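These notes are about the structure you will find just below.
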Amino acid sequence: MSRNQDLRSFISQVRKLGPKFYQSVSRSVKPQYESCVIQQKLAVQDRYPIVSFSKVSGSKRSMISNIFGSYDLLGLALGVSPGGDRSMVLKAFRERAENPFQPVYVSKNYAPVREVIETGDDVDLSSLPIVHHAEQDSGKYITAGVLIVKDPDSGVFNTGMYRHELKGKKELSCMFNPAHHAAHIYRRCRDLKKPMEAILFIGHHPAALIGSLSEGTINTSELDIMGGLMGEPLAVINGETVDLPVPAFAEIAIEGYLDPDSETSDGPFAEFTNYYGPAKDTVGLLNVTAITRRGDAIYHDLDPAHQEHNLANALSLESRVFDSVKTLVPSVSAVSVPVAGSCRFMTYVAIRKTVPGQGKSAGIAAISANPNLKTVIVVDADVDIYDDTRVLWALNTCCEADQDLTIIPYALGSHLNPSSYGEWRDKRGPMNTKMIFDATRPVSKSFEEPIFPPKEAWSRINLNDWLD
Ligand SMILES: Cc1cc2nc3c(=O)[nH]c(=O)nc-3n(C[C@H](O)[C@H](O)[C@H](O)COP(=O)(O)O)c2cc1C
């Protein structure tokens, strides 16, 4: 395995696979909407390549987007060849996440992210090709940066992706979902009257980025999972102006601190829900103390209202649901968080059911895996949960709502789900009503047999040999 995988090693790997996976745009694009519309037009044609923009007007930096555009791209990031069995991608994620590596500190002289160091008056975020993604967005947002912070109680590093509006030459907003670990750490810094130091790095191997989104306990450092997913320790150096590790092979690292007593606002912002998330009056403010980067740094953007946003989180959520269901129903065979359900609000779970009630138990375990989840559909193991058609078929043929639908109102949900509500039902808030559909067949009473193609003829007949 090659050492020090990074964004560039991934791009060159994907580029060799041709236009299905990699497209370049050499015409200059405006940072307002144009790169997103190109991605969105490709999506209408069911095309999800990485898109490389060599010129973005107003910036000297080139830009890449749609790194997480498809399950095939996620698989490639984890060493799985495209076009195969979809479940292999989750398998690869789980195997690698179970073998984490602690980061290793390398010499600053060998850290490409230190080729250029900008501090003091040289700091100017507007030199980056930060994109204005959608018409009603409040401004330009960094959408694919990974924020590294440190838990002041345990000293454990925490990472995640958050939206960051450009607020000035040296200022970015940070919008934390109150349920996320970063928000907890931010609140602790406020209690302790300490600034929260932060590194926001942009551009790295997608395995590292997916690892930064992994959903462990607050005492798990995602830096270790990033190494696990890459199959090699994450190489880091010390920050130039903050006491935090900086990934040495990142494209860009923005250093700074948040003072919880000095906040800003952000939004509206086009979200993964495919709605504009409402404006927030109080979000964190990152005061930038340094920007370090490669000489020819590539800026990584992500269109937040495109399926790449949802897919970035998909594997960590699937894995979380798998673990949760496995505890109650060990015969769980597959888990999927479909793009059709925004990859966060819905999950399909397949089990080998042997005991009455296991369908509902699997659903209860799945819904409790993550607060964003709103809908769970549990099916039998012979239903292909990577095919929405088959899952909806099972739902409509195996599930009767009066006995198989469980409704849990007033549970913690997603504050960005437009139908979410607060303790006063007529006001917006972070709660949703959860739905668990048990679409498994009974185990102890007779039920119609589902039809499957005859095995022998299916494997023998090759269409090329039969069609004129
Ligand atoms: C592109 C992208 C943007 C995201 N934006 C936000 C955001 O603005 N705020 C937030 O709290 N979570 C956001 N998330 C989700 C978090 O990054 C993710 O749930 C992460 O695991 C949270 O980590 P934490 O619990 O350690 O803070 C985003 C995820 C992705 C992939």
Side-chain angles (χ1 to χ4, degrees), residues 36 39 65-69 73-74 77 97 131 133 137-138 141-151 154 156-165 172-189 196 198 200-204 206 208-226 229 258 264-273 276-280 282-284 286 300-320 337 339 342-345 369-373 414-417 430:
C36 300
Q39 246 181 275
S65 72
N66 215 20
I67 289 278
F68 310 112
L73 285 171
L74 298 185
V131 172
H133 298 89
D137 278 4
S138 52
Y141 282 78
I142 295 178
T143 50
V146 174
L147 196 79
I148 305 177
V149 297
K150 185 156 77 173
D151 185 329
S154 63
V156 173
F157 297 116
N158 188 81
T159 68
M161 284 188 179
Y162 315 95
R163 70 189 200 203
H164 301 281
E165 186 177 0
L172 289 168
S173 68
C174 302
M175 195 286 285
F176 304 126
N177 175 333
H180 286 161
H181 292 160
H184 169 81
I185 293 168
Y186 183 67
R187 288 189 294 264
R188 280 298 292 146
C189 289
M196 180 169 86
L200 178 65
F201 77 86
I202 299 169
H204 210 301
L209 304 181
I210 296 167
S212 79
L213 298 165
S214 68
E215 299 195 21
T217 70
I218 195 156
N219 289 325
T220 307
S221 168
E222 284 103 345
L223 295 180
D224 301 356
I225 311 293
M226 289 160 75
L229 291 192
L258 290 89
T264 185
S265 58
D266 85 346
F269 179 68
E271 274 292 352
F272 69 93
T273 55
Y276 285 98
K280 300 261 173 199
T282 47
V283 297
L286 178 65
H300 176 192
D301 182 55
L302 175 149
D303 180 3
H306 182 277
Q307 76 174 33
E308 63 162 331
H309 188 164
N310 296 322
L311 285 172
N313 271 313
L315 294 172
S316 69
L317 181 55
E318 283 178 355
S319 187
R320 191 64 206 93
V337 290
V339 171
S342 287
C343 279
R344 295 207 203 163
F345 297 147
N370 181 294
N372 286 315
L373 286 168
S414 165
H415 69 143
L416 287 177
N417 190 316

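As the structure is a prediction and not an experimental result, all values here were calculated from the model. Both counts, for ligands and for their atoms, begin at 1 and track the order of listing.
With a 4.5 Å cut-off on side-chain heavy atoms, M175 and E165 do not count as touching.
With a 4.0 Å heavy-atom cut-off, ligand 1 is reached by the backbone of T159 but not by any atom from C-beta on. Both the backbone and the side chain of L213 come within 4.0 Å of ligand 1, judged by heavy-atom distances.
Of the inter-residue distances, the one linking L373 atom CG with N417 atom CG reads 11.0 Å to the nearest 0.5 angstrom. How far OH of Y186 is from CG of N158: 15.0 Å, rounded to the nearest 0.5 Å. To the nearest 0.5 Å, atoms CZ (F68) and CG (L73) are separated by 10.0 Å. From T159, atom OG1 reaches atom CG of L223 across 6.0 Å, with rounding to the nearest 0.5 Å.
Atoms of ligand 1 found under 4.0 Å from any heavy atom of L302, numbered from 1 in the order shown, are 1 (C). Near N158, the atoms of ligand 1 lying under 4.0 angstrom from a non-hydrogen atom of the residue are 24 (P), 26 (O), 27 (O). Using a 4.0 Å cut-off to heavy atoms of F176, the atoms of ligand 1 that qualify are 11 (O). Atoms of ligand 1 found under 4.0 Å from any heavy atom of T143, numbered from 1 in the order shown, are 1 (C).
In the model, T217 has a side-chain atom that pairs as donor or acceptor with a side-chain atom of T220 under 3.5 Å. The closest side-chain donor-acceptor pair between D301 and H133 falls under 3.5 angstrom.
Between the side chain of D137 and the backbone N or O of A270, at least one donor-acceptor pair lies under 3.5 Å. R187 contributes a side-chain N or O that, together with a main-chain N or O of P178, makes up a donor-acceptor pair within less than 3.5 Å. Of the possible polar contacts, one joining the S214 side chain to the G211 backbone as a donor-acceptor pair under 3.5 Å is found.
R163 N, 2.8 Å is the protein heavy atom nearest to atom 8 (O) of ligand 1. Ranking protein heavy atoms by distance to atom 31 (C) of ligand 1, first place goes to A312 CB, 3.5 Å. Protein heavy atom nearest atom 29 (C) of ligand 1, with residue, atom name and distance: N313 ND2, 3.6 Å. The protein heavy atom nearest to atom 25 (O) of ligand 1 is H181 N, 2.8 Å. Among all protein heavy atoms, the one lying closest to atom 27 (O) of ligand 1 is Y162 OH, 2.6 Å. If you check which protein heavy atom lies closest to atom 9 (N) of ligand 1, you get M175 O, 2.7 Å. Scanning all protein heavy atoms for the shortest distance to atom 28 (C) of ligand 1 gives M161 O, 3.0 Å.
For the ligand labelled ligand 1, residue H309 lies inside the 4.0 Å heavy-atom shell. For E222, the closest heavy-atom approach to ligand 1 falls below 4.0 Å.
The aromatic rings of H180 and Y162 sit tilted, their planes meeting at an angle between 30° and 60°.
At least one N or O atom of H180, backbone or side chain, sits closer than 3.5 Å to an N or O atom of ligand 1. Note: no N/O pair closer than 3.5 Å links S212 and ligand 1 by distance alone.
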